[in-house]
Colleague: 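Have a look at this one before I ask anything.
All values below were derived from every heavy atom in this structure, side-chain atoms included, with hydrogens, water molecules and symmetry-related copies excluded.
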Amino acid sequence: MPVVRTYSKTMSIAGLLVLGAASSASAQYAYVSDVGNGNIDRLDAITGAFVAPTPFITGSSGQGLTAVGNVIYTGKDKAILTFNHTTGAALGTFVSNTPDNILTVVTSHDKSVLYTTNYGSVNSYDLATGTVHHTGATPDAWGVDVAPDNSVYVANGWSSGNNTGVNSGVYKFSADLSSSSVIVAPGDHGLVRGSGLVFAKDGTFYVANVGDASNGISDFINHYQADGTYIDKLTDPSLNVVFGLAIGPDSNLYAVNLVGNCISRFDTSNDTFKDIFVGPHSGVTSFPKTLYFDESTAATPEPGSFALLSGLFSVGAFAVRRRSSRKK
């Protein structure tokens, strides 16, 4: 009896769609800012390889990094500068004379508001006009991110008079910054020198603690529920003055190490170290601080993939017609 082989058209098509998506995702970029040379470099978001030209942007101070549409926003001293997202060309100053030197910049989920932190406050700006919306006072504000419910979380760091992190907890602000509460107490599970803060896709958040060998303070990353309940601590020898935190397109956590001169990657499914995304001195960075993953390139099949699928469908349809005609 002859062996009859059957093939699943659905699985084949799904596989082709995955291949098409992967080919598009490989064109996705990540951007890393550097406080050592004031540049912003562009990386392949999948492999971590530097993409020419390097540097991609010059004239930044490397303080904070985000993008909306075709505009990149980054801090330099008491100003927010803008650059072309595609070419890296300078577009001008978005905001000048901010309350203090910019440390971090992020946007609201609807991309209408820009939030920034400096050493003493968190501020919001209308992205259409650059006008100040609101200012919220918080001691030694560093990392900032927007929660799924649009509230704003701020990690407190330290100042020259606060090296032990007396205020280094996490504050939760309303979206308009008019009210706030302490969501993570100073010193919670060792958090005394807070820096980067980022929300994961499951609604939990991570906050980094910057190490200080002279004071016996180590680098680590704490993981919390949105209500401030402690989940876990992430550690690895590669963490060395960790500032920027980001969630990548693979849902993993990326930690930018200023002194370690590398970007560490952690698996968010189990909070364990995964690998080094960008190794020390693998590019042109000297003191990397902030990492931003491009959200404008969706992982969808490229036109060539659609053409391939169309051709395969045509071939399949032709084969079916031939088989049917033979049976008649």
Colleague: Using only atom types and a distance under 3.5 Å, with no angle test, would you say the side chain of D145 pairs donor to acceptor with the backbone of F199?
Modeller: yes

Colleague: Should the pair K233 and F220 be classed as cation-pi, given the thresholds of under 6.0 Å to the six-membered ring centre and 45° from the axis?
Modeller: yes

Colleague: Identify the residue among L191, T138, V154 that makes a side-chain contact (heavy atoms from CB on, under 4.5 Å) with V170.
Modeller: L191

Colleague: Please check if atom CZ in F287 has more than 12 non-hydrogen atoms from other residues, nucleotides or ligands closer than 6.0 Å.
Modeller: no

Colleague: Hey, would you say the Y171 and Y153 ring centroids sit under 6.0 Å apart?
Modeller: no

Colleague: Using the ring centroid of each side chain, check whether H85 and Y31 are separated by less than 6.0 Å.
Modeller: yes

Colleague: Answer yes when R265 and D250 have at least one side-chain N-carboxylate O distance shorter than 4.0 Å, and no when they do not.
Modeller: yes

Colleague: Quick check with a 6.0 Å cut-off and a 45 degree axis cone: is K289 positioned over the face of F243's six-membered ring?
Modeller: yes

Colleague: Do the side chain of T47 and the main chain of A49 share a donor and acceptor less than 3.5 angstrom apart?
Modeller: yes

Colleague: Is there a donor-acceptor pair under 3.5 Å between the side chain of T66 and the backbone N or O of V106?
Modeller: no

Colleague: For the backbone of A147 and the side chain of H109, can you confirm whether one donor and one acceptor N or O come within less than 3.5 Å of each other?
Modeller: yes

Colleague: Quick check, are the ring centers of F293 and Y254 under 6.0 angstrom apart?
Modeller: yes

